[in-house]
Structures are given as C-alpha cells and as structure tokens.
Amino acid sequence: MIKVKNNSPATGDNIKIIDEIVRRHNIHRGAAIPILQEIQTTFGFVPPEAITRISDLTGIAESELYSIATFYAQFRLEPVGKNIICVCHGTACHLAGAEKVTEALQHATGARPGGTSPDGLFTLEKVACLGCCSLAPVMTVNGETVAKVTPEKARAVVKSLREAAQKNKTAKGGRP
Amino acid sequence: MGTGQYKVKVGLATCGVAAGGQKTYEKLRQLLSGLGIDPEKTGCMGMCYCEPLVEVITPEGKSYVYGSVDEKEAEKIVREHIQGHRPVKELLVLSPEEETEHSPYMEKQHRVLLGFLGKVNPESIDSYLSAGGYEAVKKAVGTMTPEEVIAEIEIAGLRGRGGAGFPTHLKWKFTREAPGEQKYLVCNADEGDPGAFMDRSILESNPHGVVEGMIIAGYAIGATQGYVYCRAEYPLAIKNLRKAIAEAREHGYLGEKICGSGFNFNIQIREGAGAFVCGEETALLMSMEGKRGMPRFRPPYPAQKGLFGLPTCINNVETLANVPCIISRGGKSYSSLGTENSKGTKVFALAGKIKRGGLVEIPMGMTINEIVFDIGGGISTGKKFKAVQTGGPSGGCIPAELGDTPVDYDSLQAIGAIMGSGGMLIMDEETCMVDVARFFLSFTCDESCGKCTFCRAGTKKMLEILDKITEGRGEESDIDLLVELGEQIKAGSLCGLGQTAPNPVLTTIKYFRDEYLAHVRDKRCPAKICKALIRYVILPDACVGCGVCRRNCPVNAISGAPKEPHVIDQEICIRCGLCQAGCRFDAIVVETGLPEADTDKKR
Ligand SMILES: Cc1cc2nc3c(=O)[nH]c(=O)nc-3n(C[C@H](O)[C@H](O)[C@H](O)COP(=O)(O)O)c2cc1C
C-alpha cells in the first residue's frame, strides 16, 4: 500500500500510478467502479486528488465520481489507521453477540465504528455478513479472520497490536 | 501395502481457513512429505460446525472424515491412521464402519449440487474433469440445440434460487427470443443476505460447476458474453473463480468455437462495492454500468433491455450450478426430487443457535423440524427451539409451533415467510424477537438506496419506533403503527428491498405479539437482550470479592473492597456484559423488568 498524505497535492509518482490504473480499466464501459476499487487497494482510500485526476482522464464529472464513492460502502474517502478491525454484523453474529464485541473494541481502541482512533492505530468497522456464520461471531484483523470472538478475546487482540506498535516505535526511536 | 496410496484432503474454504485450517494443512504437508503423500486442498465439506475438517481416503477407497483437526490432532491422525492403519476413533465425525453422532447430518441430506463440494480441488480443472466435469457442456453444446436445452430445464422444473423463484426456462426463453445480436448472461453472486453463505461456498469450492452452468446458459440464450457480479467481501471466491475461468479457457470450454461448435463465449468478473441493493437485478445492472446501484422500473425486463440496453439474463449462482446436474442426469431425474411446484433440492446455510450448523442440501418439501432436529441436531444452547428465520431481511420468522411446515416456495409464502436465497437462522429462547426485527430493519434502512420515499423514510420511521420499544419507551399503539406502516412500505416501493423490508417486523408481530407487549407494557425483555430493559446484578451471596469484574469493567461501574461482595452502579453501567463473562463464580446475573417487581418477588 502506498502512503499519501490526505489533501496533499498529488505528487508526480502518485499521478503516474493513477494514470496507469485508469489506462488499464478505461477500455471497458462503466469502468468507474473498478477504477475506484483499484485506487483504494493501492492507496488504502480514495484520495480527493485521485478523483480530480480520474475525472480529467475519463471525462466523468467529479460530482458523479463522488456520488458513486459515497453510495457504495466499500469506498473510504479518508486514510485508515495502521490496523483495520472489521466486526461482522450479520444475523448469526448478531445473535452470537457481535454488538458486545464491537463495543469492547470501541472501548479498547478508542475508535468509533466507521472511524479511526485518535492515535491513528486502529480503524474499526462494522461490516455486513462475511459468510462465516457457523463460527459466529467473527471479526477480521488486518484481513485475517478470527472465529468465535468474545469481548475478552477482542480486547486481548487490541492489546497485543498496541504492544507491537509500541515496540516498533521504541525500536525506531532507540536508533540514533 | 504402501502408505503412499493414502489420500488426504483438507477443507480450505473460508470457514475452514477461519477455523485454522491453513495451519492444519501446513502441518499435514510437513508430516506427510516424508511418506510421499501430498495432502490435497479441497473446498467446503459442509460441516462448518466442526472445522477444520480432514478427510483420509484409504488405499481401498474408504473415506474417513475427521473434525476439529488442529496441529496436534493432525499429528495423531498421521501417526495412528496413515502410519498405523488404525482410524483415530475419538476424532472421527464420519466413518464407513459405524454410525457416529454426526452421521444423521449427512444421511438426511440429498447432496446433488454439494456432492462436488469438499470432493473436488477447486483450484484444479483436472480434479473437476475426473469427477465428470464439463461432460454437460459437451452434451449440451455438442449434441443439443439451444431450444432442447431450454426444454430440458423446463422438464426439470428449475426455479430461480436467488429468492424470487421465477421459472428459469422462461427467463432463458424470453432472453433467447428477444431481438438483438448481442446478449449477455450475468451470474448474480452478490449474496448480500446476512446469514447466507451458500453461493460463497459453491463459488469457493466448485467454481467450475458455476462456470459450466454459465456456458450452458449462455449457449441456451444465445449470449456472447457472461459476467459474474461477485461481492468484494468474498476474496477467495473471486480468486478461485478467476483461476477456473482461465483454466476453462485453456481447455477450450470458453473462448471461440466451444467444443467444436460455432458457439463463442467468455466470462468476466465484476466485483461489487458493498451495497446490498445491488443484488436486485436492475440495480446490479446499473452498478455494472458504473453508476450508483439504484433499481429501475420494470418493464422493460432485463430480458428485453438489460446491460447497456441489450437483452440480459440474470441468474443466481445456485441456479446456474444446478444446470450441469440437470443436463447430465436429465430433467426428469431432477424433477423426481421435491414437491409439485418446487422441484429439486435447495441448499441452505444453517446457522444460529444450532448444534450442527453448516451447508445443507435437502430435497424441497422436507419439514423445518427435520432440518433443525434430524440434520442440525437441535439447539446448541440446550434451551428451547423458538423460531427459525428464512429469507434474511426480506423474510420472516417462523415460530417453532409451525415446525411441521414443509420447506418449499409455496408453503413458506403461505405462512408469511419466504424461501429466500437460503439463509436459515435458528433461534432459541434467549433470542429477543423484537431485537431480531430491529436488527433486520436497521439493515434494510441502512441499505435502502433512497429512491422511493416509502422505503427510505418509512423504514427509518419503523426503526425509530422499534428503537423506542426496545428502549422501554414504547406504547401499545406503536405495535399497530408498525403494522400499518409496514403494509404501506410494501405497497409503495419499487423494488424487492422495500417490498419485503417490513416482513421480519410483520411476522414477529404476528407470531410473537406477546413479546412486543412485554416490552411496551411491562418494560420487560423476556429474552434479556434489550439493553435498556436489563440490569447486571451481583449476587452478594455468590460474590467472593475477587475483583476481576471491577478490573474488567471498561467504565469503572463496579466497586467493592477485596473479599467483600461487589456492587454495580446502575447509573454508570453500560451493560456490556464483560463482568459476567469474566466471573468464575456465576455471581453476576441479568434481571429484567421494573426493579420493584423483582424485589417484591424475592420477598
Ligand atoms: C434487495 C434485493 C437483493 C437481492 N440480492 C440477491 C442476491 O444477492 N443474489 C441473487 O442471486 N439474487 C438476489 N436478488 C434477486 C435478484 O433480483 C434476481 O431475482 C435473481 O438474481 C434472479 O436469479 P434467479 O432467477 O436465478 O433466482 C435480490 C433481490 C432484491 C430485491
């Protein structure tokens, strides 16, 4: 994933990457969604400067691109935290206590569902059914599925991620 | 007899991986490499409740299935069974020698479609070919006219498995007869119903089956191009499907002049972007055209004017996966299963408070009780069976008293539920029906695209009323208001989302009115779920004052001196339940209703 600063003017390198993505998809009709999807996989979110650039290249109005990006739940218009935790809120997970898991995560991370914690460490998301209903409740932590989560288990995961980040920081800070 | 002839398969669909199957697989690979055996990856074996699953096939071809196999168990299986030739009894879930407690799960099913799942390697076309794969394409494209293919589907009586149950042969016929050179076939793999994972499992575990079904459908309707519109939340399904499409092309089942005929067909994948309404066919087409996925008025139906204005046939994953089975075995054999108006089998995702949850395939017409008790083994919590929910946010809650209802399109419709796409959620006494209704409504309210006022504003209003009720601020008249509003939303919405969104509320009111009344009259949640109506209370006699709950509480609502009974400050408590979960002395209980009433009872 490439790091770009939100709202920063697109740098030359980023522009090149965006151009390449648009070029690859623009051969199909109705390519706006695949383009935005690849922009998000590349940058972690859809930066405003990317929207401007896509609009310039494809002729699709910026307003239309924004209307698409805000309609679909997949698209994020803001950068995400270091760790992404998604809690499944499908029916089976709901019955098995997903609400309590999300609540515990909210307290442990300081992030509200749909938001990022002030320290930038965690983004917390409530997601629609992940389809692992027999292992409910489930969550994904940076893409890896964790089955049969309890509030305690969720808190322990946050704790270990926090410690890992701390270690990383001191290791970096320790070097001259 | 060399050990090299043993075959070992590991179920590595999403459920298996989530349960740790990848580690089991790696361990087996490491252990078996010395014995010259290469464990094979396979898809979902259907017994999601005891993943990770490992199948050992002996040199004589006998199959033993082991459940809940972690690394330690894997070692034991290799040592005792593969090297020692003695099956590890205590880990077996299915055995050729004797009945296990799990046997009824499989025996009661009729696995036509699922027969491939967990048997074939989804990443290998050779594996599918050796199981008889692509014979149906050869038969259809090589020896039948498109009309004959459609006639065979008519004899089979196949109805759409995506929810609406529309006869498949009619849809194909309409698209075939629509004027135009270029036509499209779209496989709807958006599977957005929370609680449904049949389509995901089929795509992950037998992608070639879907590709084969699409080729035959494409041939029958005269399509030039096929698309799979798949949820982005299903990365493994997309990966396996992509590989299957590439391999099918290499083998000449896709591309130009398929099987030596004049038929050309290709398949592309489009990823959804997270909008439930895009499962609706006209919204799906909008999304594929790169727009906001908002449904449009029908007619014209997609068969006349679909993708980019051209005739388009949209079918569900399971519908298409049935097609090769029908062509291979003949429509007659297929229609011998099921009921008068609902032919064949249906796959269900059995989940919720059920002992044996997973992917099950039953002949239509089997009763709910047979599914819950014979196949599913009853309720997992040991509590009473209360209701089953079918059809997700479009469906209804069926009370346990109606457990004798046969599962087919018409019988379910008659009691206010629907077959839906195949989610089947089992609920016990600890499930609050008002909370369930609220859950589904908050889902549809969120997912309403906003086009129709009744759906957009009406679901919001219903949600507000349900919030009021679950928060203890409800009045009796609210219940009638919900019914009235629900009927109006159904009448005033353009697409199936709004037309069915009130169903979970209406059916729970119809069958569980008492529970609604308990919430509004007595401010009580009988299932002890609704937060505003419950309290966590520490029993002074049972509490030893260990302090675990005090330390666990995220809001510091618990106080007490060491070794003294603790108390919870109800004003601060957020009812997260962490205290109860961590208490080793069962000293924390949940109460509901007005506190005075409770204290009165105790006295
Ligand atoms: C809100 C809504 C969501 C839907 N979601 C799906 C879905 O996820 N998968 C599906 O196959 N059909 C879904 N449908 C039904 C489709 O509109 C369509 O009827 C179906 O794909 C047709 O295929 P079939 O005839 O093979 O069943 C949905 C319908 C509505 C109204």
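Numbered from 1 within each chain, the chains take letters A, B, ... in sequence-line order.
Of the listed residues (B:G392, B:S287, B:G352, B:G577), the greatest number of heavy-atom pairs within a distance under 4.5 Å of chain A belongs to B:S287. Note on A:A136, A:C132, A:A96: by heavy-atom pairs under 4.5 Å with chain B, the leading option is A:C132. Taking chain A as the reference chain and counting heavy-atom pairs below 4.5 Å, the highest number among B:A275, B:A18, B:G357, B:A351 is found for B:A18. Contacts with chain A were tallied for B:D435, B:V436, B:V555, B:T431; B:D435 has the most, counting heavy-atom pairs under 4.5 Å. Looking only at heavy-atom pairs under 4.5 Å with chain A, the residue among B:M294, B:E233, B:K291, B:E51 that has the most is B:K291. Ranking B:R356, B:M198, B:Q268 against chain A, the residue ahead of the rest is B:Q268, based on heavy-atom pairs under 4.5 Å. For the options A:I35, A:T145, A:T91, heavy-atom pairs under 4.5 Å to chain B are most numerous at A:T91. Of the listed residues (B:C48, B:A273, B:A581), the greatest number of heavy-atom pairs within a distance under 4.5 Å of chain A belongs to B:A273.
If you measure heavy-atom distances from B:C432 to chain A, you find no contacts under 4.5 Å at all. Proximity to chain A is absent for every atom of B:F276, based on heavy atoms less than 4.5 angstrom apart. Both the backbone and the side chain of A:L95 have a heavy atom closer than 4.5 Å to some heavy atom of chain B. Using a 4.5 Å cut-off between heavy atoms, B:L359 does not touch chain A at all. Of the two parts of B:L350, only the backbone, made up of N, CA, C and O, holds a non-hydrogen atom closer than 4.5 Å to a non-hydrogen atom of chain A. Using a 4.5 Å cut-off between heavy atoms, B:V17 does not touch chain A at all. Looking at B:A349, neither its backbone nor its side chain comes within 4.5 Å of chain A, counting heavy atoms on both sides.
A salt bridge links B:E430 and B:K383; the closest N-O separation between the charged side-chain nitrogens and carboxylate oxygens is under 4.0 Å. Residues B:R200 and B:E204 are paired through a salt bridge, judged by an N-O separation under 4.0 Å between the basic side chain and the carboxylate. Taking 4.0 Å as the cut-off between side-chain N and carboxylate O, B:K531 and A:E103 count as a salt-bridged pair.
One side chain, A:R155 or B:N552, offers a donor N or O that lies under 3.5 Å from an acceptor on the other. Side-chain contact of B:E271 with B:Y229: a donor-acceptor pair under 3.5 Å is absent, judged by distance alone. In summary, the side chains of B:D428 and B:T381 do present a donor paired with an acceptor at a separation below 3.5 Å, with no hydrogens or angles considered.
You'll find the side chain of B:P393 reaches within 4.5 Å of the side chain of B:T444, heavy atoms only. Side-chain contact check for A:T42 versus A:I17: some heavy-atom pair is nearer than 4.5 Å.
Atom NZ of B:K451 sits in a crowded spot, with more than 12 heavy atoms from other residues, nucleotides or ligands closer than 6.0 Å.
Taking non-hydrogen atoms and a 4.5 Å limit, the residue list of residues 64-75 of chain A in contact with chain B, ordered by number, reads A:S67, A:I68, A:T70, A:F71, A:Y72, A:A73, A:Q74, A:F75.
At least one donor-acceptor pair closer than 3.5 Å links the side chain of B:R270 to the backbone N or O of B:M288. In this structure, B:S205 contributes its side chain and B:S201 its backbone to a donor-acceptor pair below 3.5 Å. Using modelled atom types, one side-chain atom of A:S55 and one backbone atom of A:I60 make a donor-acceptor pair closer than 3.5 Å.
Using a 30° and 60° split on the angle between ring planes, A:H94 and B:F439 fall in the parallel class, below 30°.
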